[in-house]
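Written out below as structure tokens is the structure these notes cover.
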Amino acid sequence: MVLEVVEVSVWECSMEKNLGTSKEQPIFTTRAHVFQIDPNTKKNWVPASKQAVTVSYFYDVTRNSYRIISVDGAKVIINSTITPNMTFTKTSQKFGQWADSRANTVFGLGFSSEQQLTKFAEKFQEVKEAARLARDKSQEKIETSSNHSQASSINGTDDEKASCAGPANTHLKSENNKLKIALTQSAANVKKWEIELQTLRESNARLTTALQDSAASVEQWKRQFTLCRDENDRLRNKVLKLQSQRRREINGRLQIDELEEQCSEINREKEKNTQLKRRIEELELELREKETELIDLRKQSEIIPQLMSECEYVSEKLEAAERDNQNLEDKVRSLKTDIEESRYRQRHLKVELKSFLEVLDGKIDDLHNFRRGLSKLGADN
């Protein structure tokens, strides 16, 4: 029973440090936005990735275990071991979640379509069932072996801990180094797409700012138009009042100087009113231009989601090309090994042929000498 505790602790350590090693193979891969529950409130979701990232199911052949792994650049944002007690819950048409007691958190995934969410949930149920079967088989093996090894495990607890932990730690360090190299290469490949995505985001921000400025300008022109219209109404009322006053003064036989002054004031007001009308027309023309510019900016902002989806599609193509390149490199190495073996066999056959020719030459010389002996013997007789 002590051996079981040591093996479990070493296994948990390797699960925390080794991600996607050669012993683990991806069995399902998709893309989604990753979230984690807020550790303080336990209610709100906190984004763990800035964009949609790759989320994969990995199967460890040596331990017969399953994990969900996701890496954003050089940061591991999901490392969750699937257990039979876990449950994947669909909370909406494009969002699902599951709780990981070992990581003491709840993971959430936001998908681009309901079909992707359904496939991920079905794969989660399959992996969960496989983990349950693996646990049942492991328990049966443990119960069978514990009856035979209980006495020896009690006497040799310390030695077995030391012998198991030493090679395991060395193996964990080497696998961790491999993981760091793989993550560095992945970060270098993703950096270019991050720069392009950042450029698109900056362009989107500029378009949004310009749209907001245009909207603010339109509102300002509308306010100015309203003010000019109110001023025009006020001047019109003032002109009407002056005209009424002029009529009253004419009726009251006011002095001619006062009437002339009032007339000049009316003329000035008319000129001012004419200028205000021209200004209103100019403002209306500028308002139409701003509305046209606002429509153009809205059309440009609609193109941005399409560009982002194209960027994600190109990123997926790049990942597929990298996998194909890796497969081709493996085939080239295998062919080189076959060529080396063929060359070795040829050299070995040449050596054997040379040895056979030397033996054959010796046999021919012996036959020649034997023939001369026979000839000599016949001549003597």
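Only a predicted model underlies this, so the values are computations on that prediction, with no experimental measurement involved.
Between Arg132 and Arg135, the closest side-chain pair of non-hydrogen atoms falls below 4.5 Å. Between Ile27 and Tyr66, the closest side-chain pair of non-hydrogen atoms falls below 4.5 Å. At a threshold of 4.5 Å between non-hydrogen side-chain atoms, the residues Gln51 and Met308 do not count as touching. Annotation: side chain of Glu114 is not in contact with side chain of Lys90 (no heavy-atom distance under 4.5 Å). By the 4.5 Å heavy-atom criterion applied to side chains, Arg229 and Thr226 are counted as neighbours. Contact of the Asn64 side chain with the Tyr59 side chain is registered, since non-hydrogen atoms from C-beta on lie closer than 4.5 Å. Within the 4.5 Å cutoff, side-chain heavy atoms of Lys128 are placed close to those of Thr87. With contacts defined as side-chain heavy-atom distances shorter than 4.5 Å, the pair Glu284/Phe225 qualifies.
By the criterion of side-chain heavy atoms lying less than 4.5 angstrom apart, applied directly or through intervening Ile, Leu, Val, Met, Phe, Trp or Tyr residues, Val106 is not grouped with Ile78; the two fall into different hydrophobic clusters. Under the 4.5 Å side-chain heavy-atom criterion for grouping Ile, Leu, Val, Met, Phe, Trp and Tyr, Leu117 is connected to Trp98 within one hydrophobic cluster. Hydrophobic clustering (side-chain heavy atoms under 4.5 Å, transitive across Ile, Leu, Val, Met, Phe, Trp, Tyr) groups Phe28 together with Val61. Following chains of ILVMFWY side-chain contacts shorter than 4.5 Å, one can reach Leu109 starting from Val127, so the two form part of one hydrophobic cluster. Phe35 and Val76 are not part of a single hydrophobic cluster, where members link through side-chain heavy atoms under 4.5 Å apart.
Between the CG atom in Asp296 and the CZ atom in Arg298 there is a gap of 11.0 Å [rounded to 0.5 Å]. For the atom pair Glu319 CD and Glu316 CD, the distance stands at 7.0 Å (nearest 0.5 Å). Note that the CG atom of Leu367 and the CZ atom of Arg372 stand 12.0 Å from one another [nearest 0.5 Å]. In this structure, the separation between OG1 on Thr274 and CZ on Arg279 is 15.5 Å, given to the nearest 0.5 Å. With rounding to the nearest 0.5 angstrom, the NZ atom of Lys238 is 7.5 Å from the NZ atom of Lys272. The distance from the CG atom of Asn273 to the CG atom of Leu235 is 6.0 Å, given to the nearest 0.5 Å.
A donor-acceptor pair is defined here as one N or O able to donate and one able to accept, closer than 3.5 Å; such a pair exists between the side chain of Asn267 and the backbone of Cys263. Checked by atom type and distance alone, the side chain of Ser244 never pairs as donor or acceptor with a backbone atom of Leu240 at under 3.5 Å. Under the 3.5 Å distance criterion, the side-chain polar atoms of Ser334 are left unmatched by any main-chain donor or acceptor of Asp330.
With no hydrogens or angles considered, no side-chain donor-acceptor pair links Arg234 and Asn237 at under 3.5 Å. Between Asn79 and Arg67, the side chains place a donor N or O and an acceptor N or O closer than 3.5 Å (distance only, hydrogens not considered). Using modelled atom types, one finds a donor on one side chain and an acceptor on the other under 3.5 Å when comparing Ser80 with Asp100.
In plain terms, the two heavy atoms of Ser315 and Arg31 that are nearest each other are OG-NH1, 4.5 Å. Across all their heavy atoms, Ile37 and Lys42 have their closest contact at CG1-C, 3.7 Å. Shown here for Ile82 and Ala131, the closest heavy-atom pair between the two residues is O-CB, 3.8 Å. The two residues Val53 and Ser70 come nearest to each other via the heavy atoms CG2-OG, 3.3 Å. Shortest non-hydrogen contact noted between Ser112 and Lys94 is O-NZ, 3.5 Å. Residues Trp45 and Gly108 approach most closely at CZ3-N, 3.6 Å, considering heavy atoms.
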For this session: Run the numbers on Leu294 and Lys290 for side-chain contact (heavy atoms from CB on, under 4.5 Å), then give the verdict.
Result: CA-CA 6 Å; Leu294 181 62; Lys290 292 295 181 181; over 6 Å; no
Exercise. Taking it one step at a time, do Tyr57 and Ile69 satisfy side-chain contact (heavy atoms from CB on, under 4.5 Å)?
Worked result: CA-CA 7 Å; Tyr57 286 93; Ile69 296 175; over 6 Å; no
For this session: Test side-chain contact (heavy atoms from CB on, under 4.5 Å) on Val34 and Asp72 and set out the steps.
Result: CA-CA 10 Å; Val34 180; Asp72 186 8; over 6 Å; no
For this session: Evaluate the criterion side-chain contact (heavy atoms from CB on, under 4.5 Å) for residue pair Glu341 and Asp338; output intermediate values, then yes/no.
Result: CA-CA 5 Å; Glu341 292 178 355; Asp338 295 338; 4.2 Å; yes
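Counting heavy atoms of neighbouring residues, nucleotides and ligands inside a 6.0 Å radius, atom CD of Glu261 does not exceed 12 of them. Within a 6.0 Å sphere centred on CD of Gln115, other residues, nucleotides and ligands contribute 12 heavy atoms or fewer. The neighbour count for Arg343 CZ, taken as heavy atoms of other residues, nucleotides or ligands under 6.0 Å away, does not exceed 12.
Between Asp233 and Arg236 a salt bridge is recorded (basic side-chain N to carboxylate O distance below 4.0 Å). Arg288 has no carboxylate O lying under 4.0 Å from a charged side-chain N of Glu291, or vice versa, which leaves the two without a salt bridge.
The one candidate from Phe95, Phe111, Phe107 that meets the ring-ring contact (aromatic ring centres under 6.0 Å, His included) condition with Phe120 is Phe111.
Val239 meets the side chain to side chain contact (heavy atoms under 4.5 Å, CB included) test with Gln243, Glu269; sequence neighbours excluded.
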